[in-house]
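On a predicted model such as this, the values are computed, not experimentally measured, just so you know. All residue numbers in this chain count up from 1 along the given sequence.
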Amino acid sequence: MSETATPALRAVVTGASSGIGAATVRRLRAEGWDVVAVARRADRLEALAAETGAEPFVADLTSDDDVARLAAHVAETGGLTSLVNNAGGALGLDPVADADVEGWRRMYDINVLGTLRVTKALLPLLKASGRGDVLVVTSTAAIGPYEGGAGYTGAKHAERMLTTTLRLELIGEPVRVIDIAPGAVATEEFSLVRFGGDAERAARVYEGYQPLLAEDIADVIAFALTRPHHVNIDTLVVRPRAQVSNTQTARS
């Protein structure tokens, strides 16, 4: 691709079947982007594709084979300008003394190694585009601890270090590396999954204040990706007004 050519804007969005991922697919499609929506749940992806015109791709990001299939498909169908690493999640809220080792392992695999697998696989295409983006949705958990959160904060700290180190390693390359760190976001599944399907406990997380919505984070993601390509949003922390830290939230 010549330096003067303008590539078509095409994004891969992981964790696209719900929450921030689905909202990001909707927003980028509304902005006119081509989007490959990636997640494990085929039925949800098909519904999102029917709604938005995005291309669904079913993959488990903890599987090397699935990620290799994704990379081959993207290469064969037009390449890529942006990768939105959104897939992730938290499991449990237990203190270190009672930690579920398997839960910690699962969080590390999807939040850190999943991001690593997809980024490694798609980075050559992003470089070849001449205007690539690696955007990682981390969390305020990546910048501060809270009681019961060591497994998730540990994984998110590692994901953030992956992201910031990659930025250093890509100096001089035509690829931006962007970290979006949301605070409390009320989505249909994040806290429900964290608390093993306990809907009452999940709802209490967001009681007494206005949390962020998935659409708020999609708006920030779209903003970062649509800046002129010489502008890099290194890290953008987004919290609800009521939440001043990971441990302090004003509730009515």
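Think of Val175 as one node in a network of Ile, Leu, Val, Met, Phe, Trp and Tyr side chains linked at under 4.5 Å; its network also takes in Val12, Val36, Val38, Phe57, Leu61, Val67, Leu70, Val74, Leu80, Leu83, Ile110, Val118, Leu122, Leu123, Leu125, Leu126, Val134, Val136, Leu166, Leu170, Val177. Hydrophobic cluster membership for Leu45: Val58 (Ile, Leu, Val, Met, Phe, Trp, Tyr linked by side-chain heavy atoms under 4.5 Å, directly or transitively).
Annotation for Asn111 and Ala155: closest pair CB-CB, 4.2 Å, computed over non-hydrogen atoms.
Residue pairs meeting the side-chain hydrogen bond (donor to acceptor under 3.5 Å, both in side chains) criterion with at least one member in residues 213-227, sequence neighbours excluded, are Arg27-Asp219. Screening residues 226-252 for ring-ring contact (aromatic ring centres under 6.0 Å, His included) gives no qualifying pairs among residues at least two apart or on separate chains. Within the structure, no pair that satisfies the ring-ring contact (aromatic ring centres under 6.0 Å, His included) test touches residues 78-124, not counting sequence neighbours. For residues 98-108, the salt bridge (charged side-chain N to carboxylate O under 4.0 Å, His left out) pairs, not counting sequence neighbours, are Glu102-Arg105. Evaluation of the side-chain hydrogen bond (donor to acceptor under 3.5 Å, both in side chains) test over residues 52-63, restricted to residues two or more places apart or in two chains, returns Arg10-Glu55, Glu55-His73, Asp60-Thr62.
Residues forming a side chain to side chain contact (heavy atoms under 4.5 Å, CB included) with Glu51 (at least two apart in sequence, or on another chain): Arg26, Leu48. The side chain to side chain contact (heavy atoms under 4.5 Å, CB included) test applied to Gln210 returns Leu213, not counting sequence neighbours. With sequence neighbours excluded, the residues that form a side chain to side chain contact (heavy atoms under 4.5 Å, CB included) with Tyr146 are Leu93, Ala141, Tyr152, Thr153, Arg194, Asn246, Thr247. Considering only residues two or more places apart in sequence or on other chains, Thr164 meets the side chain to side chain contact (heavy atoms under 4.5 Å, CB included) condition with Arg160, Met161, Arg167. Residues passing the salt bridge (Lys or Arg N to Asp or Glu O under 4.0 Å) test with Asp109, sequence neighbours excluded: Arg117.
Under a cut-off of 6.0 angstrom, the local environment of CZ in Arg251 is crowded, with over 12 non-hydrogen atoms contributed by other residues, nucleotides or ligands.
Looking at Asp34, its side chain never comes within 3.5 Å of a backbone N or O of Ala11 through a donor-acceptor pair.
Placement of Tyr206 and Ile20 in two distinct hydrophobic clusters is found when ILVMFWY residues are connected by side-chain heavy-atom separations under 4.5 Å, directly or transitively.
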